[in-house]
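Beneath this line is the structure, given in structure tokens, with notes to follow.
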2 protein chains.
Amino acid sequence: MMKTRVFIVDDHFMVIEGIKSLLQNEAEIEWTGHATNAESCMAFLKREQPDLILMDISLPEKSGIELCKEVHSKYPAIRIIGLSTFNQRSYIEKMMENGASGYLLKNVGKEEILKGIETVMQHKKYFSHEAALTIRSNPNKELPILTRREKEVLELIAAGLTNQEIADKLFISYTTVDTHRKNLLQKFEAKNVAVLINLATKNGLL
Amino acid sequence: MMKTRVFIVDDHFMVIEGIKSLLQNEAEIEWTGHATNAESCMAFLKREQPDLILMDISLPEKSGIELCKEVHSKYPAIRIIGLSTFNQRSYIEKMMENGASGYLLKNVGKEEILKGIETVMQHKKYFSHEAALTIRSNPNKELPILTRREKEVLELIAAGLTNQEIADKLFISYTTVDTHRKNLLQKFEAKNVAVLINLATKNGLL
DNA sequence: TAAAAAATCCTGTTTTTACAGGAGAAAAAT
DNA sequence: ATTTTTCTCCTGTAAAAACAGGATTTTTTA
């Protein structure tokens with residue numbers, strides 16, 4: 001059996017050290033190195049390509065989601081497993097959309113990491129227990145899909161602009177902004193702007 | 001020189017493993033164990049008391065901030081260092097108010113962990129580099145201090161209740177709620193409720 | 001116990017949202 | 001090329017929030 005060559009990208013050194021320590025005595029795993037940001041990850045990949053990357057989702061500067069997309073398009077053979085503390089549907093979905101093959105929450109133990117690596121290397125998808133529950137259990141509480149304009153308006157609302165101010169800024173009519181606002185409230189099933197902003201920030205849209 | 005007996009509470013097993021791995025060959029450090037939640041931490045302390053606890057701030061069920069308060073009041077001799085991914089003034093301050101002696105961000109390396117432990121054991125306070133910058137640099141952007149009632153009203157606003165509904169719920173007048181709302185906007189320097197909720201969620205108040 | 005802070009209540013006015021119900025034009029997807 | 005989605009605009013009304021400027025009574029804290 002071939003050894004799986006593993007690389008890790010995470011801005012938390014202690015997480016890198018933890019996973020390294022957990023995997024160092026595993027026969028099927030070969031540790032190829034680590035990076036603490038997107039840039040040094042890409043630099044490494046120019047010289048050497050691992051079989052699999054464990055990739056933290058929240059990195060400084062360029063996010064794990066963007067990095068995932070970039071790595072996946074330039075090196076489609078490399079399998080990627082998302083890594084995060086956040087057990088949120090939106091994050092998991094974004095990673096998978098951008099080419100990840102699996103998702104591990106950072107509270108997992110050695111077994112789940114190994115199982116994840118093994119499963120993903122067999123061209124199958126893998127989610128750690130809790131993450132799997134999240135994507136299955138509440139398909140009702142799905143995040144609404146916003147249009148480009150709606151996102152734009154949402155951000156300006158959060159910034160404190162009134163409908164009139166938003167209208168002036170976007171060179172559209174006051175009534176158009178009102179319509180977008182109406183649609184935002186409807187999509188989020190929010191009674192008013194307080195709930196809207198609350199939901200939006202908690203789902204990482206702001 | 002006495003060895004420092006270190007205990008760690010963190011719900012992420014890989015972080016525990018990482019710190020353990022980093023500290024295991026250090027002569028001045030004695031590893032006494034770990035817990036992944038507040039309950040098992042308290043259970044451990046009943047049997048044995050370490051010199052220092054590295055305590056994650058975001059734990060399931062009871063938060064690190066509450067646990068910190070509890071440990072500090074029951075075992076005042078134990079030194080506590082807060083541990084977190086979040087470099088936010090509010091979190092750092094809350095931990096320090098509740099009896100912590102230092103604060104480490106999870107992106108630190110071995111040196112800062114050791115320096116932190118050493119410093120705190122000498123009855124001094126310690127903040128990791130980036131955390132120290134945060135508490136020093138922007139004393140202007142301080143979080144407003146809310147009263148009990150204001151917090152209550154803030155939460156109900158975020159839940160989508162109108163002034164009248166909040167008034168009914170709290171058995172106070174509509175005008176009182178309006179005053180609290182006014183004061184909240186003033187304290188946060190927010191133009192309207194959208195900005196208020198945005199700031200409040202981003203600062204962990206909601 | 002005196003001073004400070006917090007919580008309560010009030011009258012008004014203006015501005016902004018929220019809600020209802022359409023509808024045409026431009027872009028995008030099939 | 002046609003359907004669907006998105007973006008745009010409109011009229012009108014009711015409800016709620018924001019703003020101004022007080023004032024009294026409880027609680028806390030020094």
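In what follows, chains are A, B, ... by sequence order, proteins preceding strands, each numbered from 1. The shown structure was predicted, so the numbers you read here are calculated from the model rather than taken from an experiment.
Under the rule for a side-chain hydrogen bond (donor to acceptor under 3.5 Å, both in side chains), the partners of A/Asn87 that lie at least two apart in sequence or sit in another chain are A/Thr134. Taking the side-chain hydrogen bond (donor to acceptor under 3.5 Å, both in side chains) definition, one finds that B/Glu39 meets it with nothing, sequence neighbours left out. Remark: B/Tyr174 pairs with no residue by the ring-ring contact (aromatic ring centres under 6.0 Å, His included) rule, at least two apart or across chains.
Between B/Lys110 and B/Glu26, at least one side-chain nitrogen of the basic residue sits less than 4.0 Å from a carboxylate oxygen of the acidic one, meeting the salt-bridge criterion. Salt bridge annotation for A/Lys106-A/Asp56: present, with a cationic side-chain nitrogen under 4.0 angstrom from a carboxylate oxygen.
Within residues 155-168 of chain A, the residues that place at least one heavy atom under 4.0 Å from DNA chain C are, in residue-number order, A/Leu161, A/Thr162, A/Asn163.
Taking the six-membered ring where the residue is Trp, A/Phe86 and A/Tyr91 present tilted rings, their angle falling between 30° and 60°.
Residue B/Ser128 comes nearest to B/Val108 through the heavy atom pair CB-CG1, 3.5 Å, listed as atom of the first residue, atom of the second, then distance. Between B/Ile16 and B/Trp31, the closest heavy-atom pair is O-CH2, 3.9 Å.
Base engagement by B/Asp178 is indicated by at least one non-hydrogen atom pair under 4.0 Å involving a base atom.
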Dump the pairs, protein N or O against N or O of nucleotides 5-9 of chain D, anything under 3.5 Å, distances to one decimal.
{"from": "D/dC7", "atom 1": "OP1", "to": "A/Arg149", "atom 2": "N", "distance (Å)": "3.2"}
{"from": "D/dC7", "atom 1": "OP2", "to": "A/Thr147", "atom 2": "OG1", "distance (Å)": "2.2"}
{"from": "D/dT8", "atom 1": "OP1", "to": "A/Arg149", "atom 2": "NE", "distance (Å)": "3.2"}
{"from": "D/dT8", "atom 1": "OP1", "to": "A/Arg149", "atom 2": "NH2", "distance (Å)": "2.8"}
{"from": "D/dT8", "atom 1": "OP2", "to": "A/Arg149", "atom 2": "NE", "distance (Å)": "2.9"}
{"from": "D/dT8", "atom 1": "OP2", "to": "A/His180", "atom 2": "NE2", "distance (Å)": "3.1"}
{"from": "D/dC9", "atom 1": "OP2", "to": "A/Ser173", "atom 2": "N", "distance (Å)": "2.5"}
{"from": "D/dC9", "atom 1": "OP2", "to": "A/Thr176", "atom 2": "OG1", "distance (Å)": "2.7"}
{"from": "D/dC9", "atom 1": "O5'", "to": "A/Thr176", "atom 2": "OG1", "distance (Å)": "3.4"}
{"from": "D/dC9", "atom 1": "N4", "to": "A/Thr179", "atom 2": "OG1", "distance (Å)": "2.8"}

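Here the range on DNA chain C touched by chain B, meaning any atom under 4.0 Å from one of its heavy atoms, is C/dA6 to C/dT11.
The closest side-chain donor-acceptor pair between A/Ser40 and A/Asn37 falls under 3.5 angstrom.
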Item checked: Stepwise salt bridge (charged side-chain N to carboxylate O under 4.0 Å, His left out) check, B/Lys3 with B/Glu28 -> CA-CA 5 Å; B/Lys3 270 196 177 192; B/Glu28 318 88 66; over 6 Å; no
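Atom NZ in A/Lys191 sits about 7 Å away from atom P in D/dA16, given to the nearest Å. A straight line from CG of B/Leu196 to P of D/dC19 spans 12 Å, rounded to a whole angstrom.
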